[in-house]
Protein chains: 2
Amino acid sequence: MTGTERPSLVEQCRDNGWRITGQRRVILDVIEKTDDHPDVEELHRRIRGIDPGVNIATVYRTLNKLADENLIERHMFDDGRLRYEPAPDAHHDHFIDVETGEVIEFVSEDIERMQDEIARKHGFEIVSHKLEIYVKRRP
Amino acid sequence: MTGTERPSLVEQCRDNGWRITGQRRVILDVIEKTDDHPDVEELHRRIRGIDPGVNIATVYRTLNKLADENLIERHMFDDGRLRYEPAPDAHHDHFIDVETGEVIEFVSEDIERMQDEIARKHGFEIVSHKLEIYVKRRP
DNA sequence: TTTGCAAGTGCGAATCATTTGCAACAAAGA
DNA sequence: TCTTTGTTGCAAATGATTCGCACTTGCAAA
Ligand SMILES: [Mn+2]
Ligand SMILES: [Mn+2]
Ligand SMILES: [Zn+2]
Ligand SMILES: [Zn+2]
């Protein structure tokens, strides 16, 4: 018994009433294969590897639309460029290795819980949050 | 018995061998009076209130120099503009009220501790981190 | 299948925050 | 006071992202 699979990005976009163009097919394909946190230029590079005709403005527009509908997740780490990943099944936060630039995901139920607690203590309700831990490999 | 006071920014800059110009005097003064998290434009506005002749390029250059020496702290919240605050006595993290834009500081020893723990578990040493919690006032 | 048309695209120009080159200026030590 | 450099103002450059617009195309209705 495998769990119910999430519909493909193409299907989700169709459900949203978007037109499935050749460009979008390629862009969505590349995003679905993504297992890291590429910036727009890198995504465009991967997309051009399949269809060299896709303009970067189209990539930007499509990423924005997808992020607006929470079909992908947008990040901005300290290098100042937008990075993207497919919408994760469950929330996670990130280590960023300052020496290699590598991004590593982690989950800490404990930290999540304490955030709720401290927010409540201040009379707040959490809308979203971002925990980025910049790290070095321990010698 | 009052604790030892931190030398003024002007003194710290002089210690670093920087020339204390009229512009810097004003910029450092404004920063020292800062108890919020203004962006460059807002800082420039406050500075111009004292000396209208200070150019915004000078403000940018001075802020960069100060941040390089850790005499002030630089942030980039989700609005995409750099914000600054005087170097805090002790580390803290931030709530950002998504409805008002207000930035509220908080400290959680527990969260800090759990970050150390999870980093260690992954074989990392923490260089720095950023925890931003976007919140709404609880109804 | 064809057609109509709003949504989508390519391309170059515009934006916007931030940085930089350079000539003129002015701290600060001698 | 003189000299040496670090600083400044200004305007132009940057770099990532967005936008305007004419052209194209997906796709629903005929
Ligand atoms: Mn991730
Ligand atoms: Mn703060
Ligand atoms: Zn989290
Ligand atoms: Zn912290």
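Order of the sequence lines fixes the chain letters, A, B, ..., with proteins taken first and strands second; residue numbering starts at 1 for each chain.
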Nucleotide C:dC16, atom P - distance to CG of B:D79 in whole Å | 15 Å
Whole-Å gap separating P (C:dT18) and CE (B:M76) = 8 Å
Which whole-number value in Å describes the distance from B:R14 CZ to C:dG29 P?
-> 9 Å
Which residue, B:A57 or B:G80, contacts DNA chain C at a nucleotide closer to its 5' end, judged by nearest heavy atom?
-> B:G80
For A:D78 and D:dA16, give me the distance from atom CG to atom C1', rounded to whole Å.
-> 17 Å
What's the OH-P distance between A:Y60 and C:dG10, to the nearest Å?
-> 15 Å
Crowding at CD, B:E41 (>12 non-hydrogen neighbours, <6.0 Å) = no
In whole angstroms, how far is the C1' atom of C:dA28 from the CD1 atom of B:I20?
-> 11 Å
Does some side-chain heavy atom of B:N64 sit less than 4.5 Å from a side-chain heavy atom of B:R61?
-> no
Ring centre gap for A:H94 and A:F106 strictly below 6.0 Å = no
Inspect the contact between A:D36 and A:R46 and indicate whether a charged nitrogen and a carboxylate oxygen are less than 4.0 angstrom apart.
-> yes
In whole angstrom, give the distance that lies between atom CZ of A:R25 and atom P of D:dC27.
-> 7 Å
Without swapping roles, check the side chain of B:N55 against the backbone of B:A57 for a donor-acceptor pair under 3.5 Å.
-> yes
If you measure from the Lys or Arg side-chain nitrogens to the Asp or Glu carboxylate oxygens, is any gap between B:R120 and B:D116 under 4.0 Å?
-> no
Short side-chain N/O contact from B:N64 to OP1 or OP2 of C:dT18, under 4.0 Å | no
Length of the line joining A:L63:CG and D:dT17:C1', which is rounded to integer Å = 12 Å
In 5'-to-3' order, the base (B), backbone-only (S) or no-contact (-) status of each nucleotide in nucleotides 2-9 of chain C, using a 4.0 angstrom heavy-atom cut-off, is ----BBSB
The helix from C:dT1-D:dA30 to C:dA30-D:dT1: angle between terminal helix axes, five bp per end, to the nearest 10 degrees, reads 30°
So do A:R24 and A:C13 actually touch side chain to side chain, heavy atoms under 4.5 Å?
-> no
If we only count heavy atoms from C-beta on, is the A:E102 to A:I104 side-chain gap below 4.5 Å?
-> yes
4.5 Å side-chain heavy-atom contact, B:F95 and A:I118 | yes
